[in-house]
Amino acid sequence: MSLRARLAYAFFLLAAAIGLLSLLLGYLVFRNLVERDIALDLSEVTGRVLKALEITETGPRLRQGDVFLGTHYVFGFRLSRDGVPVLEGGFAPKEGEAWRTAKVPWKEYVLEVHLRVEEYRRALGTYLRASLSLLLPLLLLAALLGSYFAGVLSRPLQELAQAVESLSALRFPKPLAPVRERELARVIHSFNRLVEAVRGALEREKLLTRYASHELRSPLAVLRSQVEALKGGLLPLEQVLPHLEGALARMERTLEGLLALSRAEGDLEVDLLPLELTSFLRDYLKGQAGVRFRRLPSKEGGPGPGQMDPGPAEQAWILAHPLLLERMLDNLLENALRHGAPPVEIGLGGGKEEVVIEVRDHGPGVTEEALPHLTRPFFRERKEREGLGLGLALVEQGVKRLGGKLELENARPGLRVRLRLPRWRGEAANLSR
Amino acid sequence: MRILVVEDELGILEPILALLRRERYEALGARNLEEAWSLLAEGEPDVLILDIMLPEGEDAGFRFAEALRQGGFRGGILFLTARDALEDRIHGLELGGDDYLVKPFHLEELLARIKALARRHADFKGRILRRGSLEVDLVARRVILGGREVTLSPKAFALLELLAQHPDRTFSREELLERLFPGAETDAVLRVYVQKLRQSLAPWVVERVPGGYRLGKP
């Protein structure tokens, strides 16, 4: 049964139950009223008869004056003694009509008074018919309304179901329209985010495969053309061999790089801890020769350059994993020392909302053309340079994990790499005490 | 026929040059654009084999091809690259490339494509040009005279090939010098090779007409 039918059915049942209940209650109340009226009428009529009865030598009889005159009641009576009728008068109950009977003892007799209550019965019947004939359209209306509301409520669900279906076939649905219902809205927002996340992951995967295949094509081309040249007698073995070895080594390095990238994906699952950067960097730089620490000028008037000891006001807390951060800095420093020129500086600064770590060298920088491609896996500005071109790709992955942004710019001289990380405020005050 | 190969990877450049030289092409190799420009200054190649990612940058090959075409380069351009994306192929062909081959590739396929490119720029589109008892196989790059194969030096073959590719055209001395002997001071070298062809094959093979030379008839 569809949700819509079920909701419509529920509406129908609810309306039917409410309608029937109100009908039943109304009927009971009405009937009570009627019964009370009947009882009153009956006692009045009985009183009349009793008032008119008298005993003579010949037995009981009605006193002068017609007990049946001057009243709108239709009734009759029967006086009996030991089950034998002795006096009767008025109307006797008729088959097919509603009559009520009251029995009262009178002297040694029993008086039975019959009252016709046909009007009351008809009134009750009319009431019932009217109520019932109203109930039917009411129920129909309830079912229609139920179906309509169910349709309104279930439309986003149906759209969601379709979207989930296409997503499971890896066809990416358009973002679902927001709805007003809070619970549904949450589901739909989450779903839209899921679609983006899946699409992003697949896109990254596809790009990586493309970069990797591209990266493998060059050494493969060397292998193939060298082998074919060898087979065709174009080149001697001793000339071919170093090229074959070189190409194989390059393929091995590429493979290692790919493994490093997939390991870095695993880093995304590490737990992040609060980390104070000034002391972290001080410890980190102890193991790094030829790297200078620098305080970045801050908008809020931070300490001057060259100061190393963190005062209470200079604490820069972030959420990070020390090993992850260390590996990112290793990569940046390796780049700076390998492709740039000394002095290499690590800077720390930031504002209210963020903390900035800056790594800068004083080398030639990169071409503006290459700048936007630097974080692409396997990108090398110059092909003849050693290295796989994965360092900055790994750093960018790490920065994203920490919720930050990676910025690259030519500082002329040198390349400036900035990690903008969100400042952590959580329990910084407590921890620093 | 002159072929210039621009490829920074020595492991790929060397086999290509060796192959082309075996096929008696005049093959030149450049490992970067600077070398390529200086080789170009010595004379335009008939076919250019061009890598896209060069030491000068990610798209250096594209830029080079574009500049050449804008400068009026008429030879064939074949991109030989690891970039296999559809947009790269389209971009390359739109810039003025004639063909696009993705690495890794087979040397034989590269050769077949170079020959197809050379044919595209020739008047004679067939494989074997026949003149009397002379047969010039432009694909196998062999010369047969009276049923017997004659081995020619690369330069002599290049001269015969050029004449055979355009069997009804008369080449001026200047054009022949520029295309076959770039940098030559006088036309003496041309006269030497015309003489060589006539000696190796038959005197009628190269016909001297007012204004230059053309393929002769027996």
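All of these numbers come straight from a predicted model, not from anything done at the bench. Values reported hereafter were calculated over all heavy atoms of this structure, with side chains retained and with hydrogens, waters and symmetry mates removed.
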*Asks:* With a 4.5 Å heavy-atom cut-off, do B:Pro104 and A:Leu223 have their side chains touching?
*Replies:* no

*Asks:* Assess whether atom CD of A:Glu409 is packed by more than 12 heavy atoms of other residues, nucleotides or ligands within 6.0 Å.
*Replies:* yes

*Asks:* Taking NZ in A:Lys405 as the centre, count heavy atoms belonging to other residues, nucleotides or ligands within less than 6.0 Å. Is the count above 12?
*Replies:* no

*Asks:* Is the count of non-hydrogen atoms from other residues, nucleotides or ligands lying under 6.0 Å from A:Arg193 atom CZ greater than 12?
*Replies:* no

*Asks:* Which answer fits B:Glu108, side chain, backbone, both or neither, if we ask what part of it has an atom under 4.5 Å from a heavy atom of chain A?
*Replies:* backbone

*Asks:* So which heavy atom on A:Ser225 is nearest to which on B:Ile12, and how close?
*Replies:* OG-CA, 4.0 Å

*Asks:* Testing the basics here: between A:Gly232 and B:Arg22, what is the closest heavy-atom pair and its distance to 0.1 Å?
*Replies:* O-NH1, 3.7 Å

*Asks:* Once you round to the nearest 0.5 Å, how far does CD of B:Glu14 lie from CD of A:Gln226?
*Replies:* 6.5 Å

*Asks:* Counting only non-hydrogen atoms closer than 4.5 Å, does A:Leu220 touch chain B with its backbone (N, CA, C, O), its side chain (CB onward), both, or neither?
*Replies:* both

*Asks:* Report the distance from atom CD of A:Glu369 to atom CZ of B:Arg63, rounding to the nearest 0.5 Å.
*Replies:* 5.0 Å

*Asks:* Would the distance check show the side chain of A:Glu228 and the main-chain N or O of B:His106 forming a donor-acceptor pair, the cut-off being under 3.5 Å?
*Replies:* no

*Asks:* I'd like to check B:Leu10 versus A:His243 (side-chain heavy atoms, cut-off strictly below 4.5 Å). Are they in contact?
*Replies:* yes

*Asks:* If you count the non-hydrogen atoms of other residues, nucleotides and ligands that lie under 6.0 Å from CD in B:Glu149, is the total more than 12?
*Replies:* yes

